[in-house]
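To start, the structure itself, in structure tokens.
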Amino acid sequence: MKHLSVILFCFTLIFSAQSRAETILAVGDDDGVLQLAHWLYYTQAKNADDIDSVRDLDSRSWRRLTPAYHNRIGIDAFWVKFSFYNDNKIPIKRILSLANPHIDLASLYHVVNGEVIDRALMGNSLPFAQRPIISNHFIYPFNLEPNVTHTFYFRIETEGSAYLPLSLSSPKSFAKHVEFSSLTKGFQLGALTAIGLFSLFIAISSHSFSYRYYTGYVLSVTLLVATLEGFAFRFIWPQWPLLQKYMIPFLIPTTIFFALLFTEKVLQLKYHNLRMLRICRYGASFAVMLALVTPWLNYSLGLYINIISVLIVSAVLMGMAIIQALKGHKLAKLYTLAWSGMLVGSFVTCAMYLGLIELPVSHLTPLMLGLLFEIILMAAVLAIRYNDERKSKLKIEQEATIQAQRIREAREDALRVEAQSNEKLEQKVQERTLELEVALRELNEANQKLTEKATIDSLTGVKNRAAFDKRLLAEGRLSRRQQTPMALLMLDIDRFKSINDNHGHLAGDQTLRLIAKTLKEQLKRPGDLLSRFGGEEFAIILPNTDEEGAMQVAELIRQTISELPIRWKERSIPLTISIGVSAEIVDGEQDPTKLLEQADKALYRAKNEGRNRVMVYTESL
């Protein structure tokens, strides 16, 4: 029994060692395009930081690379290793291809006989021109000498899909494969672009919202597919690798946005189902938010959110289309058929990106097939709707022609009736005209009185603040035009609050009226303007007055007010005022306001220096 246990243990060790032993690929004359999936081994980057430490790892550190590991989004950095040799007697040329254009950074090390003979950096985080060979995929050409083992190490770092479709081919086979792939993808992108531009021209000529949204949907899908296939990075923004990272999280929500709005229009949800209309509108708003937010999130997280959003929106739109189709709407039936292809294709592609299923085709193949099917049928749906709208428009035009004829006949009848009544109307018009002239004359007189009243302060009887502002601008323009000085006086009653507190507000009102009357008596020229500026403040505009003349007027006013015998209920009220003066020739449009500010500063200085005084504005204030 003991010997049997030892034998089983040895057998287990041998089997384990064999299961971990690396398989080396023998390369023949021309094997076509050879997929390397069965010869790939991986180890996580945390096991080794650089090429030297990776080469020192023993076979137990390496595991066979399966799609279940790498066919996912946002996995940690890892190393991939594979080896092959030339079993021919002559050197041969081979091309190594990595057909995933979304790898952020792939560091390749070419090892022969234990020595690194070449290294290359590839990835869409680098400018496109830095690739060893200009291609949408990552290409590395090399020579295979007879009976020499070549080992390749790839360090893969990516936030997106880590899918590694590595292949080995001769230059001839590679050229055939590239030609066929370019023809297929070029046809797909060309068809999408042609449909998008055709729809754009129809949208411009017809002003149809349906075609506008369909154009946005097709063109955004076209740019998205071009980005996923690497054509956009190659031909549109080859020098901006950072843009490659932001475009996919931006274009997916943009496509969702236009798809939702197009669905709203083509299914005519505004007329058939308001709840579905609100779902489309809310979904479109959510898509706008995704387009603005997800490009700035972690790339993997943003991609997961967008993929799940695509699945949910596709299912919701399909459900709405089926419901409308069951209700008998003709366009909904065609839309359901068209969207079914897109639904199946997007579900399969998203599931492949999420690592849920594995198929022996490119991730984008199901999406492209479903997309072409859907876009072609959608174009047919739009054509049918456009034809229906054209017929409906023609019918409306015919009805409008008949209606116009009826209106014309009715107008002729009305003209006859109008001609008969014109004579009677002329008499009445003449009578009414005379009455109207009298009424207008009375109204004009009333309006003049009302306008004058609107410019008068109701308490003091002098001009109000609105009249002051208007006059200030007018006198400012006149001063600037004629280059004549203009003066402004700001007056404030000293300790006016104590009058209200000690004698009551009626006494304060009487004081304001008396001061206003006194100020009016002191202004001799017709062009001078006195106004109540606010509260216990008054303002005086003195056109064509210099600083010296303004000071004389201000001092006379101050002295006159201080000598006023003001009494209220047999009690004497002592009263003084403070005056700020500013005078200059107005030079600019804003100078009248500046003059007012200067006078106010001078008044503030007069109040601070003891009140009952006149203060002229100077630059030192």
Side-chain angles (χ1 to χ4, degrees), residues 21-45 47-59 61-65 70 77-101 103-158 162 164-175 177-178:
E22 180 185 355
T23 303
I24 300 177
L25 173 64
V27 180
D29 290 334
D30 190 351
D31 300 317
V33 178
L34 184 61
Q35 301 298 326
L36 301 179
H38 299 294
W39 290 273
L40 302 180
Y41 297 85
Y42 80 96
T43 187
Q44 295 181 352
N47 297 331
D49 294 333
D50 53 25
I51 183 61
D52 294 328
S53 56
V54 167
R55 289 164 56 196
D56 293 338
L57 293 176
D58 56 22
S59 60
S61 301
W62 295 92
R63 297 180 180 274
R64 187 178 294 277
L65 184 66
H70 69 92
F78 62 97
W79 289 87
V80 174
K81 171 186 176 183
F82 52 92
S83 302
F84 37 76
Y85 69 95
N86 179 8
D87 63 352
N88 293 296
K89 296 180 180 180
I90 59 173
I92 58 176
K93 294 182 178 181
R94 286 294 179 266
I95 295 178
L96 185 63
S97 172
L98 175 55
N100 181 358
I103 297 295
D104 293 342
L105 186 62
S107 306
L108 180 145
Y109 298 89
H110 186 180
V111 178
V112 177
N113 296 326
E115 297 292 334
V116 178
I117 65 170
D118 194 11
R119 62 185 63 192
L121 281 179
M122 299 176 285
N124 64 3
S125 62
L126 304 173
F128 199 88
Q130 293 186 13
R131 300 191 179 189
I133 293 180
I134 299 302
S135 173
N136 294 356
H137 299 159
F138 305 116
I139 308 300
Y140 177 75
F142 63 97
N143 294 324
L144 271 175
E145 297 79 11
N147 298 318
V148 176
T149 301
H150 292 250
T151 302
F152 289 86
Y153 294 89
F154 267 103
R155 179 183 171 89
I156 305 298
E157 302 174 55
T158 185
L164 293 181
L166 281 162
S167 62
L168 186 69
S169 58
S170 64
K172 182 179 179 180
S173 300
F174 178 75
H177 177 72
V178 168

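Computed from heavy atoms alone, side chains included, the values below leave out hydrogens, waters and symmetry copies.
- Residues passing the side chain to side chain donor-acceptor pair (under 3.5 Å) test with Asn143: none are found, sequence neighbours excluded.
- Counting all heavy atoms, side chain and backbone alike, Ser61 lies closest to Thr43 at O-OG1, 3.1 Å.
- Here Asp56 pairs with nothing under the salt bridge (Lys or Arg N to Asp or Glu O under 4.0 Å) rule; sequence neighbours left out.
- The line from CG of Leu36 to CG of Leu164 is 10.5 Å long, rounded to the nearest 0.5 Å.
- The line from OG of Ser59 to NZ of Lys81 is 8.0 Å long, rounded to the nearest 0.5 Å.
- When the side chain to side chain donor-acceptor pair (under 3.5 Å) test is applied to Asn86, the partners found at least two apart in sequence or on another chain are Asn88.
- Looking at heavy atoms from C-beta onward, Leu98 lies out of side-chain contact with Leu108 at the 4.5 angstrom threshold.
- Residues that satisfy the ring pair (Phe, Tyr, Trp, His ring centres under 6.0 Å) test with Phe78, not counting sequence neighbours, are Tyr69.
- By the side chain to side chain donor-acceptor pair (under 3.5 Å) test, Tyr140 pairs with His110, Asp118, sequence neighbours left out.
- Here the closest non-hydrogen pair linking Ser53 and Ala48 is OG-CB, 3.3 Å.
- Closest approach of Arg64 and Trp39 over heavy atoms only: NH1-N, 4.3 Å.
- In this structure, Leu34 CG and Ser169 OG are separated by 9.0 Å, a value rounded to the nearest 0.5 Å.
- For the pairing with Val80, the side-chain contact (heavy atoms from CB on, under 4.5 Å) check across Phe154, Phe152, Tyr153 returns one residue only, Phe154.
- For Ser135, the side-chain contact (heavy atoms from CB on, under 4.5 Å) partners are His137, Ile139, not counting sequence neighbours.
- Residues Ile24 and Phe84 come closest through the heavy atom pair CG2-CA, 3.8 Å.
- Looking at Ser167, its side chain never comes within 3.5 Å of a backbone N or O of Val33 through a donor-acceptor pair.
- Here Ile92 contributes atom CD1 and Phe142 contributes atom CZ; the two are 8.0 Å apart, rounded to the nearest 0.5 Å.
- Considering CD1 of Ile156 and CG of Leu65, their distance stands at 9.5 Å, rounded to 0.5 Å.
- The side-chain contact (heavy atoms from CB on, under 4.5 Å) check on Asp52 picks up Asp50, Arg55, with sequence neighbours excluded.
- Residues passing the side chain to side chain donor-acceptor pair (under 3.5 Å) test with Arg131, sequence neighbours excluded: none.
- Every residue two or more places apart in sequence or in another chain that forms a side-chain contact (heavy atoms from CB on, under 4.5 Å) with Asp104 is listed here: Asn124, Thr158, Glu159.
- The shortest non-hydrogen separation linking Ala129 to Ile134 is CA-CD1, 4.2 Å.
- Applying the side-chain contact (heavy atoms from CB on, under 4.5 Å) criterion to Ala77, with sequence neighbours excluded, gives Ala45, Arg155, Glu157.
- Partners of Tyr109 under the ring pair (Phe, Tyr, Trp, His ring centres under 6.0 Å) rule, at least two apart in sequence or in another chain, are Trp79.
- Rounding to the nearest 0.5 angstrom, the gap separating the CG atom in Leu166 from the CZ atom in Phe82 is 5.0 Å.
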